[in-house]
Each structure stands twice: as C-alpha cells, then as structure tokens.
Amino acid sequence: MISASAPGKFVVMGEHAVVYGKPALALAIDMRFTIRMNPGKTFRVNGKPATNATMSPHMKWISEAHGNRPVSIFIDERVPTGSGLGSSAALSAAYSGAVRRLCNLPVDHESVAREAYEAEFAAQGRGSPMDTSASVNGGGIALNVPYSKEDFLWHIEKNGNSWDISRFDVPEMTFVIGNTGIKAPTGPLVEKVRKYRDESEFAYNIVEEIGQLTLDGMKCITGNDWVELGALMSYNHKLLGILGVSCPELDSLVEAAMPTSYGAKLTGSGGGGCMVALTDKPKETAAAIRAAGGTPYIVKTGVPGLEVKVREKKPANQGKKKNPRKSKRDESSE
Ligand code: MEV
C-alpha cells in the first residue's frame, strides 16, 4: 500500500498578483490531505466505484498522464475545500506522489510540484504554481522574491508568465485562520481579477502595488518586524477588496481580528473562504473570530511537505496467535 500526504497552505501576501508573475509568500499548515492507494481492477474511492463526483478533474488528469492504471484509494481530507487553504493543490500533490510511486517514477519534490501544477492548471484553466509548490515543499515558499542560491527550489513557466520559487525560514509567529464557511471556487475569482486588470489601468496598477508590498513583506519576515508585516497584510487586504475579491463576511472577520492582531487579510482567492491574522494573542484572536461568526483555526506552520511511504502487506499469518489448545502432535502433523 502507498500512503501519500500533503499539506494545505495560506497566503501571507501576494495572492492574485502572483498569477501575473508578481511576488507572493505562502506557508504550509498542519491540515493535510492523505491518500492510501492500492492497485486494483477498477477505480474505487473510499470503497465505492469511482464516479465523476468522487474523482476530481485533478485526479483524472494525473491518472490519464500515467496510463489510467486502476487503483483503489482511501482519502483522509483535513483541508476544508473551497476555502482558500489549497485543498485541491494538496489533493493533486498527494495523488501525483502516490501514482508516481506506484508507477516507479521519481517522487522528488520538483517532479511532483511540476505535475501537480499541470493537473491544477488543467482543472482550473488558469492560476499560478503557488499552492501546489507550497503543498509539495511544505515550510515557507516565496515566488519571484530575490533568493539566495541555497534557497532556490524550481522555476516554472506557463502562458507567458514565469515563477522562480524558493524556500524561506518560517517565522516564529502565530497565525490564526478564520473560515467564513462560504465556499468559493478559485477559477471564477481569478477570472474576475483578470478581466478587471485587462480592462482598467487602475486595476493593473493595484496588482503591481500588491507585488511591491509583498517584497516589503519579505523584508519584514527576514527582519522579524511583525508590526510592519501586520500593517502590510492589512493594506494588502484593502487592495484585494478594491480588486473585488473580498466580501462582507471576510471584511467582518478581518475587522474582528484587528484589535488583538498585528494585521489581517483574506487569504487565497477570496469571495468567501478564509482570512488570516498575524497575532501573538492567538486565543483572543480566535475568540474574536468565533464571536464574529467565523470558525477559527490556530494553525501550526513549519510543517513538512509531500510525504510518500510504501507499507508492505503483512504475510497472512503474521501476528496471529497460535491456538494454545493445539497439541505438539497436531502441529507436527501440519
Ligand atoms: C489561490 O490560493 C491563489 C490565487 O492567487 C490563484 C493562484 O495563484 O493560482 C488567487
């Protein structure tokens, strides 16, 4: 049996702008998507024959890329879907890791990050490699932020945009995520921003400004300047609101978190989903988010990325106790 698990993520700064090759920062979190996979005669998900509802387009794309070998999978999904926490990226990373391992292909992080991004792009028809790279690498990742040679991970190009992806040391800070409970798929929100940016110089400049802010945010992280990082995050939220991807529920959770936080913003594609607050009073911030109608998660960061393990099947009689009533003579006659 193959077991593959990959984490969700949140975006510290730079979502949407990253689609156009602008800088972004993301951290993997302790909510994971785990798949257990066995080769089978037909496709099965959680014990039932796979249908369009149980096989996501990402899984179908990855299966087809590897000759559609039928498999039986069990899914343990701890990343809330449609909430900006990278659930489809974690699914793509874990599924790609498991299928590649089954096909005896390399499961190094770069190969899986590339494949998971292709699956995500094919399913959504748009987007950056931020979520998939964060899930595969774990820890903290920066896109198109100047990096040292040791921190460079991989370079990805798509549709005229390119991203240099590097790792960074995860800050020793607490983040609290607040979920509005409103599910909002990424594709239409990315499309909304694309249209606005194409049609308006004002929106184009907002996207540029988010990119610049994110570079400043990286300086705050390396300098442990949480006051300034929080202020930049809050300003980033305002700019995302101007781009039209916030909503009243997100704004109210952000507002509720502010008195006990350095700063707060929506995270991911917006339109619902989650916000994130940078705080050193996580319990108070979580209580404020709950009081405002959200579901808070005090998340752990600095978590590992994709992990793929193979568990050998135990021989049928291993671990079975011998029948104590059997006599020596019975045993020797077997
Ligand atoms: C979604 O988590 C982040 C977006 O920037 C889309 C993407 O980068 O693909 C909105």
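Note that the structure is predicted; figures quoted are calculated from it, not measured. When a ligand or atom number is given, it counts from 1 through the structure's own listing order.
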Heavy-atom side-chain contact between D225 and V227 under 4.5 Å: yes

Residue pair A257 / T285: nearest heavy atoms and the distance that separates them: CB-CG2, 3.9 Å

Nearest heavy-atom neighbours spanning W163 and E157: CZ3-C, 4.4 Å

Close approach, E120 and ligand 1, non-hydrogen under 4.0 angstrom: no

Heavy-atom contacts with [X] under 4.0 Å: which atoms of ligand 1 show up? List them by number with element.
{"X": "G127", "answer": "9 (O)"}
{"X": "V19", "answer": "5 (O), 6 (C), 7 (C), 8 (O)"}
{"X": "M130", "answer": "3 (C), 5 (O), 8 (O)"}
{"X": "K9", "answer": "2 (O)"}
{"X": "G268", "answer": "2 (O)"}
{"X": "V18", "answer": "5 (O), 8 (O)"}

Atom 1 (C) of ligand 1 - nearest protein heavy atom and its distance: D131 OD2, 3.6 Å

Selection from S128, G86, C274 by shortest heavy-atom distance to atom 8 (O) of ligand 1: S128

Gap between atom CG of L153 and atom CG of D164 - 0.5 Å precision: 10.5 Å

Gap separating the CD atom of E15 from the CE atom of M13, nearest 0.5 angstrom: 9.0 Å

Could an N or O of ligand 1 be found under 3.5 Å from any N or O of [X], whether backbone or side chain?
{"X": "H16", "answer": "yes"}
{"X": "Q124", "answer": "no"}
{"X": "E15", "answer": "no"}

Donor on one side chain, acceptor on other, D280 and Y262, under 3.5 Å: yes

Verdict with reasoning, R126 to E120, per salt bridge (Lys or Arg N to Asp or Glu O under 4.0 Å): CA-CA 8 Å; R126 47 181 83 75; E120 181 102 320; over 6 Å; no

Stepwise salt bridge (Lys or Arg N to Asp or Glu O under 4.0 Å) check, D76 with R78: CA-CA 6 Å; D76 179 8; R78 306 278 170 104; 2.9 Å; yes

